[in-house]
Amino acid sequence: MISGRERALNYAILTVFAALALLPLIGVVSSALTPAAESGPSFTWPRHLDLGNFSTAWRQGHFATYLTSSLLVAVSVVLLTAVLAILAGFSFAHFDYPGRSALFYVTLIGLMVPPEAFVIPLYFNLRDTGLTDSYWSLILPQTAQSLAFGVFWMRNFFRSVPVSVIEAARLDGASDWRLLWRILVPTSRPALLTMAMLVFMWTWNEFLLPLVMITDESKRTAPLGLAFFQSEHTTQYSVLAAASIIVALPVVASYVFLQRHFISGMLSGAVKG
Amino acid sequence: MAATAHRPTARKRPAGAPTREPVRRRGRVIQWKGYLYALPALIVLTVFLLVPLGQLVQISLFHWDGISVSTWAGFDNYTEIARDPQLRAGFLHSFVLILFFSVIPIALALMLAAVTTRAGRLRGVSVFRAMIFLPQVVAMVVTATAWTAIYAPDGVLNTALRAIGLEAVARPWLGDFSTALPAVGLIGTWLEIGLCLVLFIAGIGQIPAELYEAAKLDGAGAVREFFAVTLPGLRGQITVALTLTVIAALRTFDLVYVATHGGPGNATSLPAYEVYNRAFGTGQVGSACAIAVTLTAVILLLTFLITKVQPQEDET
């Protein structure tokens, strides 16, 4: 259909842009593998591979603690968001009551309002109740932020389930509760997986909220730990690069395996209009 | 387990379908249970998002340092935004960033998408797609750290410039007043181009092949084909890309916090950074809230305008 030359040109262009996207990241990886002694203030290419930077970063940067915090917060947010979004999505998709669409649009506000807008009052509220510097001060606000997307996502999915499936369940005498958890949730497993991954990624990468809420070093999340680590290690880039990889790896690794879900989720979540 | 009474679910059924339960009558049955299912999510949203949003507006009308008693300010904090050159500069910087985060990536991605999909189906596009999209999933802190190394005085960029004899151009890119903001902007270009490209490739896939064939029959070349078929067909995707990238530009915080701290001077200071800095750095909470309200209003306004500009008949 098209000439070989045009095809070659297409591949060339795609390769250039893929390279541009990857080069900064490859630079980080290669620096991280460079022995600390050979490392400079910038990207380096290792003459022989050295994994020592990772253990240095791990120890000096307290990343065991930070990763534990991140993991705890991210898993809690994913679970809470999933349960609340399933319930609310079901409500907005299947029940008929006054104010239903108004309430739905209210939840969508969270998709449009930047976190900078509510983080200040939130900080003072939580400080007054003694919740700052606790994991709750990260989990609950982050859940609220993720819910806008989660409710929107689950409602769309539940609405797309064929009526015949629901009728069959009704004929078997299933209650609403059973219908939701035994029929709808199992069929929505792919949608749930996509949502869980996106919420996990957003929570893991979140920076502003932990920066504001957490002063206790032992409760810092990984990105926050990296930012503080960076201001201390400006000269030894290889160690900093290793720390960066430690922070990015959980999300990047799951992206490599599940990129289809990530991309489709981010795009269709975005196409909210 | 008490609440298992049957509720009519007839509203989803096509009219006239046989049902055991009463079809929606004129006086419809209110399914009260629905409120119960939505309640937990609504409580969390209200307490942690909606109420703070209201308080934000309230605090913005006061002079407050976060500790002592606040005093009524009226619109002082807002008029300050218009008067303070540093704050005005911050908002202007945002608009420069929109160029880098939004306009350039969209233009480049349109061109790329047009070139690569003119070919019909290329093998292996999904692999390229995954690679080009990767920057979107890497934490911003990591991105900022990687690019600080590129822009460093002895960094990759300067080394490359010296290697090709452009010694004179080399400089500490993030530390130089004239280059810091564009340098931050280019990081945004790098970040957003993948998002735009993936959106556009998906969009072109939805354009009916007949349109392209018809264009070919009319003797349209690559350029005519792009403006007559591809560009109109991507209207919806362009709107989405514009919305997302403009919001990303206006909300830039982590990038600036890690890479430049708003400096040198305030060359890369942005409203989102200023909100954080005033509220938690210099103790001007009222002013910070006013900036946050203004920033939110700008975001909502631009989002609204972008979706309004798009013509209504949407042929997706």
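To find a chain, count down the sequence lines: A is the first, B the second, and so on, and within it residues start at 1. Side chains are part of it too, since the values below use all heavy atoms of this structure and drop only hydrogens, waters and symmetry mates.
Nearest approach of A21(A) to M131(B), heavy atoms of both residues: CB-O, 3.8 Å. Closest approach of A227(A) to V141(B), counting heavy atoms only: N-CG1, 4.0 Å. Here the closest heavy-atom approach between residue Y237(A) and residue A146(B) is recorded as OH-CA, 3.4 Å. V142(B) and S244(A) get closest at one heavy-atom pair: CG2-O, 3.6 Å. Nearest heavy atom pair, residue L45(B) against residue A144(A), reads CD2-O, 3.5 Å. Across every non-hydrogen atom of A130(B) and Y255(A), the tightest pair is O-OH, 2.6 Å.
Only the side chain of L126(A) comes within contact range of chain B, with heavy atoms under 4.5 Å apart. Heavy atoms of L300(B) lying under 4.5 Å from chain A belong exclusively to its side chain. The contact between F124(A) and chain B is made entirely by side chain atoms (from C-beta outward), counting heavy-atom distances below 4.5 Å. Contact of T15(A) with chain B is made through backbone and side chain together, with heavy-atom distances under 4.5 Å. The contact between L50(B) and chain A is made entirely by side chain atoms (from C-beta outward), counting heavy-atom distances below 4.5 Å. With a 4.5 Å cut-off on non-hydrogen atoms, L49(B) touches chain A through its backbone and its side chain both. Residue T148(B) touches chain A through its side chain alone, counting heavy-atom pairs closer than 4.5 Å. Interface remark: I193(B) contributes side-chain atoms only to the contact with chain A (heavy atom separation under 4.5 Å). Using a 4.5 Å cut-off between heavy atoms, Y257(B) touches chain A through its side chain atoms alone. Looking at L249(A), neither its backbone nor its side chain comes within 4.5 Å of chain B, counting heavy atoms on both sides. Of the atoms belonging to L134(B), heavy atoms from both backbone and side chain fall under 4.5 Å from chain A. Heavy atoms closer than 4.5 Å to chain B are found nowhere in R178(A), neither backbone nor side chain. For chain B, the nearby part of F92(A) is the side chain; its heavy atoms alone come within less than 4.5 Å.
Atom CG in L197(B) sits 7.5 Å away from atom CG in L14(A) (nearest 0.5 Å). From F90(A), atom CZ reaches atom NZ of K33(B) across 8.0 Å, with rounding to the nearest 0.5 Å. Distance OH/Y35(B) to CZ/F95(A): 12.5 Å, rounded to 0.5 Å. If you take CD on Q55(B) and CG on L122(A), they are separated by 8.5 Å, rounding to the nearest 0.5 Å. The CG atom of L147(A) sits 9.0 Å away from the CG atom of L42(B) when rounded to the nearest 0.5 Å. Here the CG-CH2 distance, from L20(A) to W190(B), works out to 10.5 Å after rounding to the nearest 0.5 Å.
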Is there a side chain to side chain contact (heavy atoms under 4.5 Å, CB included) between V252(A) and V138(B)? Walk through the geometry before answering. CA-CA 7 Å; V252(A) 172; V138(B) 174; 4.0 Å; yes
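With a 4.5 Å cut-off on side-chain heavy atoms, V51(B) and F118(A) do not count as touching. Using a 4.5 Å heavy-atom threshold, the side chains of V28(A) and T145(B) count as separate.
Of all the listed residues (Y123(A), W202(A), W204(A)), the one sharing the greatest number of non-hydrogen pairs under 4.5 Å with chain B is Y123(A). Here P114(A) is the residue among A85(A), G99(A), P114(A) with the most heavy-atom pairs under 4.5 Å with chain B. Here P24(A) is the residue among P24(A), A248(A), A19(A) with the most heavy-atom pairs under 4.5 Å with chain B. Counting heavy-atom pairs closer than 4.5 Å to chain B, the top residue among L140(A), T44(A), L22(A) is L140(A). Per-residue counts of heavy-atom pairs under 4.5 Å with chain B were compared for A148(A), P115(A), G110(A); the largest is that of P115(A). Interface check for chain A: of the options V275(B), L195(B), V156(B), I291(B), the most heavy-atom pairs under 4.5 Å are formed by V156(B). Of the listed residues (A18(A), G27(A), P141(A), P98(A)), the greatest number of heavy-atom pairs within a distance under 4.5 Å of chain B belongs to P98(A). Of the listed residues (I59(B), L112(B), V198(B)), the greatest number of heavy-atom pairs within a distance under 4.5 Å of chain A belongs to L112(B). Interface summary for chain A: among P271(B), A144(B), G155(B), the most heavy-atom pairs under 4.5 angstrom belong to G155(B). For the set Q58(B), Q136(B), R251(B), M140(B), the entry with the most heavy-atom pairs within less than 4.5 Å of chain A is R251(B).
Ring orientation note: the planes of Y37(B) and W177(A) are tilted relative to one another, at an angle of 30° to 60°.
Considering only residues two or more places apart in sequence or on other chains, R129(B) meets the salt bridge (charged side-chain N to carboxylate O under 4.0 Å, His left out) condition with none of them.
The aromatic ring centres of F262(A) and F133(B) sit 6.0 Å or more apart.
Formation of a donor-acceptor pair under 3.5 Å by the N205(A) side chain with backbone atoms of V137(B) is found in this model. Side-chain atoms of E116(A) never come within 3.5 Å of backbone atoms of A292(B) as a donor-acceptor pair (strictly under, hydrogens ignored). Put simply, the side chain of Y276(B) never gets that close to the backbone of V212(A): no donor and acceptor are under 3.5 Å apart.
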